[in-house]
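Before any comments, here is the structure.
Numbers here are sequence positions counted from 1. What you see below is based on every heavy atom in this structure, not just the backbone, and it leaves out hydrogens, waters and symmetry mates.
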Amino acid sequence: MNKTDKIRQLNDILRTTFTGGRILTTIGIRRKPVEDVACILSMVRSFNKFNKNNDPYSQHDYASFSFKGDVIIWKIDYYDKNYRYHSDDPSNPDITERVLTIMRADEY
C-alpha cells in the first residue's frame with residue numbers, strides 16, 4: 001500500500017467511525033439544535049462523494065455539503081504526537097495524530 005492509500009485509509013477510519021483521532025466541532029455547529037448536530041455528524045460519517053474537484057490528492061481529508069442553508073465543512077489535519085507541529089508523515093500512525101474539525105464554512 002502506498003502512502004496516499006494509507007493516509008486515505010486512516011482518514012476514512014477516523015471520519016466514518018470517529019476513532020483514531022480527535023473530533024472537534026466549532027461553536028457554529030455546537031449552537032445548532034441537538035438533532036441538527038446529530039444529522040451533521042451522520043452526514044460527515046457517511047460522506048462518499050469524493051472526486052477530483054474536492055479530493056485532488058485522493059486522501060479523503062476534506063469535503064463540504066449543504067445543510068439547512070449552511071455550507072458545512074469537515075477537514076482532517078495531521079499533527080505530531082504532541083499536537084504542536086505538522087506530522088512529518090501522515091501515513092504513519094505511530095508519529096501522527098489526526099484531528100477532524102467540523103464547522104460552518106463561514107467559520108473557516
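With hydrophobic clusters built from ILVMFWY side chains whose heavy atoms lie under 4.5 angstrom apart, Trp74 shares a cluster with Val37. Both Phe65 and Ile102 belong to a common hydrophobic cluster when Ile, Leu, Val, Met, Phe, Trp and Tyr are linked at side-chain heavy-atom distances under 4.5 angstrom. Using a 4.5 Å cut-off between side-chain heavy atoms of Ile, Leu, Val, Met, Phe, Trp and Tyr, with links allowed through other members, Leu24 and Tyr108 fall into different hydrophobic clusters. When hydrophobic clusters are built by joining Ile, Leu, Val, Met, Phe, Trp and Tyr residues whose side-chain heavy atoms come closer than 4.5 Å, directly or via intermediates, Met43 is grouped together with Ile72. With hydrophobic clusters built from ILVMFWY side chains whose heavy atoms lie under 4.5 angstrom apart, Phe67 does not share a cluster with Tyr62.
Shown here is Lys3, whose NZ atom has no more than 12 heavy atoms of other residues, nucleotides or ligands within 6.0 Å. Counting heavy-atom neighbours within 6.0 Å of Asn51 CG, excluding the residue itself, gives a total above 12.
The two residues Ala105 and Ile73 make their nearest non-hydrogen contact at CA-CD1, 3.6 Å. Of all heavy-atom pairs spanning Asp88 and Pro90, the tightest one is C-CD, 4.1 Å. In terms of heavy atoms, Leu10 sits closest to Pro93 at CD1-CD, 4.0 Å. Heavy-atom minimum distance, Ile29 versus Met103: CG1-CA, 3.7 Å. Between Asn2 and Thr4, the shortest heavy-atom contact is OD1-N, 3.1 Å.
The salt bridge (charged side-chain N to carboxylate O under 4.0 Å, His left out) test applied to Asp94 returns no partner, not counting sequence neighbours. Qualifying salt bridge (charged side-chain N to carboxylate O under 4.0 Å, His left out) partners for Lys6, counting only residues two or more places apart in sequence or in other chains: none. Every side-chain hydrogen bond (donor to acceptor under 3.5 Å, both in side chains) that Asp106 has, sequence neighbours left out, goes to Arg104. Asp5 is linked by a salt bridge (charged side-chain N to carboxylate O under 4.0 Å, His left out) to Arg8, counting only residues two or more places apart in sequence or in another chain. Every side-chain hydrogen bond (donor to acceptor under 3.5 Å, both in side chains) that Lys68 has, sequence neighbours left out, goes to Asp36.
No donor-acceptor pair closer than 3.5 Å links the side chain of Thr26 to the backbone N or O of Thr101. A side-chain donor-acceptor contact under 3.5 Å links Thr96 to the backbone of Asn92.
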Considering only distance and modelled atom types, tabulate donor-acceptor pairs under 3.5 Å from the side chains of residues 11-22, sequence neighbours left out.
| unit_1 | atom_1 | unit_2 | atom_2 | d |
| --- | --- | --- | --- | --- |
| Asn11 | OD1 | Arg98 | NE | 2.7 |
| Asn11 | ND2 | Ile7 | O | 3.4 |
| Asn11 | ND2 | Gln59 | O | 2.7 |
| Asn11 | ND2 | Tyr78 | OH | 2.8 |
| Asp12 | OD1 | Arg15 | NH2 | 3.0 |
| Asp12 | OD1 | His60 | ND1 | 2.8 |
| Asp12 | OD2 | His60 | ND1 | 3.1 |
| Arg15 | NH1 | Val44 | O | 3.3 |
| Arg15 | NH1 | Arg45 | O | 3.3 |
| Arg15 | NH1 | Phe47 | O | 2.8 |
| Thr16 | OG1 | Asp12 | O | 2.7 |
| Thr17 | OG1 | Ile13 | O | 2.5 |
| Thr17 | OG1 | Thr19 | N | 3.2 |
| Thr17 | OG1 | Thr19 | OG1 | 2.6 |
| Arg22 | NE | Tyr83 | OH | 3.1 |

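Side-chain contact between Asp77 and Asp61: absent, with no pair of heavy atoms (C-beta onward) separated by less than 4.5 Å.
Between the CD1 atom of Ile23 and the CG atom of Leu100 there is a distance of 4.0 Å, given to the nearest 0.5 Å.
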